[in-house]
Amino acid sequence: MTPAQITIATMLDAAAAPCLTCSFQAEDVVVLHMLREIRPDIPVLFLDTVHHFQETYAYRDEMADAWNLTLVNLRAPEPEPGLWQTSTDACCAKHKVGPLFAALDAHDVWFTGLRREQSRSRASLEDVERFRLPSGKALTKVSPLAGWTSADVAGYAKAHGIRLLPLYEAGYTSIGCEPCTTKPIDPANPRSGRWQGQKLECGIHIQALQRHGDTEH
């Protein structure tokens with residue numbers, strides 16, 4: 001097994017209620033592929049922000065059917081389409097941060113597809129770390145691909161015959177909500193097409209204590 005697969009196996013063995021957050025980008029799908037080898041019924045949490053590309057919704061449904069996923073679609077109780085036009089921070093808080101953190105209260109181990117290479121805000125990412133929710137609950141956050149490169153991700157997908165989200169073929173390198181995602185402005189920075197360069201993170205990967213006054217939401 002690879003180090004990533006060993007990390008996954010070890011953390012699953014210790015988990016009572018694990019889950020994966022999955023936007024169905026390449027990294028998430030690779031982690032999902034590894035998780036399914038051990039825990040095929042692991043809950044797959046998808047944040048339905050009501051702003052995703054139609055290609056993302058179609059790919060989500062295709063993969064959920066092909067892999068028989070335990071898909072959990074999370075949506076704000078009262079979505080506000082277009083809120084991003086007023087404030088991207090408010091939009092992310094309402095449609096991503098709130099629904100996810102409420103759902104994570106039911107889990108003890110949270111798997112992600114985060115990688116250090118993705119942006120400077122993720123440069124110090126640990127493979128395994130504690131994460132405290134606004135409710136006060138602490139859970140274990142696991143990013144088994146933390147040290148992987150984009151080439152590593154693409155290589156794994158190719159080796160295992162995993163078809164990726166078609167938007168990559170159109171030139172997108174980091175794919176979020178349609179209104180706030182463009183092709184990369186800076187070819188050297190795969191996340192430079194997110195939020196028109198206004199910020200680096202939506203808020204779900206920032207500790208509760210850091211969110212106050214932090215500009216990288």
Side-chain angles (χ1 to χ4, degrees), residues 19-32 43-64 69 71-104 110-115 117-122 125 133-134 141 143 145 150 153 163-187 189-206 210-211 214-217:
C19 69
L20 167 71
T21 45
C22 184
S23 64
F24 290 93
Q25 292 189 78
E27 296 85 358
D28 296 341
V29 174
V30 165
V31 174
L32 176 55
V44 178
L45 310 185
F46 174 79
L47 287 165
D48 182 0
T49 63
V50 305
H51 293 112
H52 285 293
F53 288 89
Q54 287 305 310
E55 290 89 339
T56 299
Y57 286 119
Y59 180 73
R60 174 203 63 183
D61 294 344
E62 174 189 326
M63 295 302 291
L69 300 179
L71 182 65
V72 181
N73 291 305
L74 304 176
R75 181 183 283 197
E78 297 181 4
E80 292 186 50
L83 181 57
W84 60 274
Q85 297 176 80
T86 304
S87 168
T88 59
D89 284 348
C91 192
C92 288
K94 184 176 188 66
H95 299 111
K96 287 187 171 185
V97 180
L100 177 61
F101 285 174
L104 285 176
W110 169 22
F111 288 91
T112 83
L114 297 181
R115 298 184 295 109
E117 183 193 63
Q118 289 172 323
S119 77
R120 68 178 184 271
S121 61
R122 300 177 179 183
L125 176 71
L133 297 169
K141 183 177 179 180
S143 303
L145 307 188
S150 297
V153 174
R163 191 180 82 84
L164 299 177
L165 182 58
L167 289 168
Y168 290 112
E169 298 175 5
Y172 292 91
T173 53
S174 181
I175 303 161
C177 295
E178 184 173 10
C180 296
T181 300
T182 64
K183 296 173 185 178
I185 300 168
D186 175 4
N189 179 0
R191 285 178 64 82
S192 62
R194 303 291 293 276
W195 300 290
Q196 299 84 42
Q198 296 174 13
K199 59 184 183 179
L200 297 176
E201 300 288 349
C202 65
I204 62 176
H205 296 297
I206 298 174
Q210 295 176 329
R211 278 192 292 277
D214 196 317
T215 59
E216 294 186 352
H217 300 300

Query - Worked check of side-chain contact (heavy atoms from CB on, under 4.5 Å) between L167 and T56 - result: CA-CA 8 Å; L167 289 168; T56 299; 4.0 Å; yes

Report task. Consider only side-chain N and O atoms of S143 and T112, and report whether a donor and an acceptor are under 3.5 Å apart. Result -> yes

Report summary line: dist N73:CG -> F46:CZ (nearest 0.5 Å) comes out at 6.5 Å

Report task. Provide the closest heavy-atom pair for S174 versus T181 in the form atom of the first, atom of the second, distance. Result -> O-CG2, 3.3 Å

Requested in this report: Measure across D28 and L20 and return the closest heavy-atom pair with its distance rounded to 0.1 Å.
Outcome: O-CD2, 4.0 Å

Query raised in the report: Do the side chains of S23 and L47 get nearer than 4.5 Å, heavy atoms only?
Result: no

Query raised in the report: Is E62 paired with R163 through a side-chain N to carboxylate O contact shorter than 4.0 Å?
Result: yes

Query - Donor-acceptor contact present, side-chain T88 to main-chain W84, <3.5 Å - result: no

Query raised in the report: Does the ring center of Y59 lie less than 6.0 Å from the ring center of H52?
Result: no

Query - Inter-residue atom distance R115.CZ - L125.CG, 0.5 Å rounding - result: 10.5 Å

Query - Full working for side-chain contact (heavy atoms from CB on, under 4.5 Å) between Q25 and Y168 - result: CA-CA 9 Å; Q25 292 189 78; Y168 290 112; 3.2 Å; yes

Query raised in the report: Taking all non-hydrogen atoms of both residues, which atom of V153 and which atom of A26 are closest, and how far apart?
Result: CG1-CB, 3.7 Å

Requested in this report: Return the minimal non-hydrogen interatomic distance between A93 and P99, and the atom names on each side.
Outcome: O-CD, 4.3 Å

**Report entry** Validation row: L165, F24 side chains within 4.5 angstrom (heavy atoms)
**Finding:** no

Requested in this report: Mind jotting down which residue pairs meet the salt bridge (Lys or Arg N to Asp or Glu O under 4.0 Å) criterion with at least one end in residues 45-61? Sequence neighbours excluded, please.
Outcome: D48-R75

Query raised in the report: In Å, rounded to the nearest 0.5 Å, how long is the span from SG of C19 to CG of L100?
Result: 7.5 Å

**Report entry** Separation between CD of Q85 and SG of C91, rounded to the nearest 0.5 Å
**Finding:** 9.5 Å

Query raised in the report: Any side-chain heavy-atom pair from K183 and T173 closer than 4.5 angstrom?
Result: no

Requested in this report: State, to 0.1 Å, how close K96 and C177 come at their nearest heavy-atom pair, and which atoms those are.
Outcome: CE-SG, 4.3 Å

Requested in this report: Give a yes or no on whether the backbone of L83 and the side-chain of K94 come within a donor-acceptor separation of less than 3.5 Å.
Outcome: no

Report task. Any chance you could measure F53, atom CZ, to E178, atom CD, to the nearest 0.5 Å? Result -> 5.0 Å

Query raised in the report: Do side-chain atoms of H95 reach the backbone of V50 as a donor and acceptor pair under 3.5 angstrom?
Result: no

Query raised in the report: Rounded to the nearest 0.5 Å, how far apart are SG of C22 and CG of L69?
Result: 7.5 Å

